[in-house]
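In listed order, ligands and their atoms are each counted from 1. Worth saying up front: this structure is predicted, and the values here are computed from it rather than measured.
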Amino acid sequence: MQEERAHWGSSLGFVLAATGSAIGLGNLWKFPFITWDNRGGAFVLVYLACILAVGLPIMMAEILIGRRGRAGVVGALRSVVGPRWGIVGMWGVLCGFILLSYYTVIAGWSLFYFTRTMGWTLSGYPAGLQTGDLFGEQVGNGGLQLGLSLIFSILTISVVYLGVHRGIERLARTVLPILFGILLLLLASALQMEGSGDAIAFIFRPSFGELEPGGVLEALGHSFFTLSLGMGTMITYGSYIQRNQSIVKMSALIVVLDTVIALIATVIMFSVIFSVAGMEEQVGASTVGMLFISLPELFYSEVPFGTLLGPLFYVLVALAALTSTISLLEVVVSNLIDQHGITRERAALASGGTVFLFTVLAALSFGAVPALSGFEIFAGKAGWFSTADHFVSNWMLPTGGLAITIAAGWFMTRAATRDELVDGTEPGWFRYDLWRLFIRFVAPAAVGAVIIAVVFGVDFS
Ligand code: TRP
């Protein structure tokens with residue numbers, strides 16, 4: 001006998017959980033450094049265009065497939081689109097599996113920096129400490145990396161184990177308001193710094209000469225990544241919606257919140273960086289380290305109220321990451337529950353445990369084990385971690401997303417999608433025909449063009 005299918009307590013609960021999934025390391029860690037790498041302005045504009053033209057329509061598509069299918073990603077695609085579409089669901093589950101395995105490692109770093117900054121706040125910033133060296137020691141210490149990832153995996157598994165309503169929704173309801181609060185405090189502090197004007201100009205003043213073709217792919221890939229699209233996270237979360245609330249409204253809210261948070265995080269970080277002489281060069285040397293190398297010391301030397309904001313900031317990163325990792329594990333777990341009749345508890349433990357085996361590989365790929373840190377499949381992306389991230393973000397998510405747009409635009413009937421989006425609860429600005437135009441033509445053409453451009457040799461390096 002199957003137990004009753006889980007569902008959210010309210011539509012606000014769904015929106016918060018989905019926003020929690022969307023806001024994560026993608027917003028706080030990845031977006032700032034890829035914006036830096038791509039010289040800001042034009043990249044940000046292309047990214048915003050991707051969010052609007054591709055991200056928002058697909059967000060609606062995923063949620064509607066989930067709500068209609070009332071099952072995990074494989075089951076929902078099979079029942080709503082057609083039996084063959086289960087394979088796209090499996091692609092999504094595989095993608096969630098890989099993504100979770102390496103995402104957990106970075107999430108673990110936030111725990112390390114929380115304990116460190118807490119220590120500095122309590123007993124003073126150690127004189128002469130080089131945060132670059134600290135970072136190197138941290139990531140190169142295999143035992144430490146495994147410990148941090150293990151703690152984070154256990155947190156993720158526990159929340160998913162508790163269930164949709166008691167675990168995921170409850171966490172999101174508690175965490176999101178805290179997250180917004182901390183971010184606003186940080187913003188208020190950052191805007192007082194003298195570099196904030198330069199930061200805003202860097203982010204918002206486009207200069208197209210500086211954007212390389214590879215940057216367009218990166219912007220597109222990131223718009224999937226940051227909105228948790230392309231692998232069925234939103235199909236899975238959408239499958240737990242019960243009451244009739246506008247999918248259009250909820251999607252728009254999730255997308256706007258995610259985008260605003262990414263921009264705020266970037267303004268904060270760049271304000272700090274531009275305020276310190278020589279910091280631009282230092283950051284340029286290791287953009288990936290922006291969050292964990294450049295920022296920690298600046299909290300203790302430059303940022304107003306930094307000694308308080310430092311530890312708070314890393315709590316923020318950890319919480320934002322946790323509301324994302326649970327959504328990744330939930331894709332795998334809900335699929336095991338729906339397709340294989342396994343109980344939630346067992347599914348959470350078994351799949352979380354299996355993912356952790358791969359987390360071990362990612363955790364050791366920052367120097368601890370040279371064979372894992374050094375190999376290179378994609379030019380410039382050395383090591384297990386970077387290879388997996390490049391493959392997932394730039395290949396798996398865009399292809400999965402393309403399949404989902406085709407499913408919703410070409411294989412579902414007009415009546416079916418219309419029924420989900422136009423039900424009397426949709427906002428006045430919404431035009432169904434425009435959505436359909438985007439999901440059938442604009443989004444697949446954009447994603448397809450970028451994939452083809454890359455296959456046929458756009459140079460990344
Ligand atoms: N969106 C999250 C972030 O920006 C990461 C994430 C969670 C994700 N679930 C996902 C990315 C599903 C892609 C697909 O950090």
Identify, by atom number and element, the atoms of ligand 1 in contact range of [X], meaning under 4.0 Å from any of its heavy atoms.
{"X": "Tyr103", "answer": "2 (C), 3 (C), 5 (C), 15 (O)"}
{"X": "Gly24", "answer": "3 (C), 4 (O), 15 (O)"}
{"X": "Ser324", "answer": "2 (C), 7 (C)"}
{"X": "Gly26", "answer": "3 (C), 4 (O), 15 (O)"}
{"X": "Leu25", "answer": "15 (O)"}
{"X": "Ser327", "answer": "7 (C), 9 (N)"}

At under 4.0 Å between heavy atoms, which part of Asp258 makes contact with ligand 1: side chain, backbone, both or neither?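 None of Asp258 does.
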For ligand 1, is any non-hydrogen atom under 4.0 Å from Ala22's backbone (N, CA, C, O), its side chain (CB onward), both, or neither?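 Looking at Ala22 and ligand 1, just backbone atoms fall under 4.0 Å.
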For Phe31, run the ring pair (Phe, Tyr, Trp, His ring centres under 6.0 Å) check against Trp36, Tyr47, Phe270 and tell me which one passes.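 For Phe31, the ring pair (Phe, Tyr, Trp, His ring centres under 6.0 Å) check succeeds only for Tyr47.
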Given Trp29, Tyr113, Phe299, the one that forms ring pair (Phe, Tyr, Trp, His ring centres under 6.0 Å) with Phe313: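 Among the candidates, only Phe299 passes.
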Looking only at heavy atoms of Gly230, does any of them come nearer than 4.0 Å to an atom of ligand 1?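 Judged by the 4.0 Å heavy-atom criterion, Gly230 does not count as contacting ligand 1.
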Residue and atom name of the nearest protein heavy atom (relative to [atom]), distance in Å to one decimal:
{"atom": "atom 8 (C) of ligand 1", "answer": "Ser228 OG, 3.5 Å"}
{"atom": "atom 12 (C) of ligand 1", "answer": "Thr233 OG1, 3.0 Å"}
{"atom": "atom 2 (C) of ligand 1", "answer": "Ser21 O, 3.2 Å"}
{"atom": "atom 13 (C) of ligand 1", "answer": "Leu99 CD2, 3.4 Å"}
{"atom": "atom 11 (C) of ligand 1", "answer": "Phe225 O, 3.1 Å"}

State which residue, out of Ser21, Ser228, Ser334, fulfils the side chain to side chain contact (heavy atoms under 4.5 Å, CB included) condition with Tyr237.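 Result for side chain to side chain contact (heavy atoms under 4.5 Å, CB included) with Tyr237: Ser21.
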Is the Trp109-Phe366 ring centre distance short of 6.0 angstrom?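 Ring-ring flag for Trp109/Phe366: true, centres closer than 6.0 Å.
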Do Tyr102 and Phe358 have their ring centres less than 6.0 Å from each other?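 No: the rings miss the under 6.0 Å criterion.
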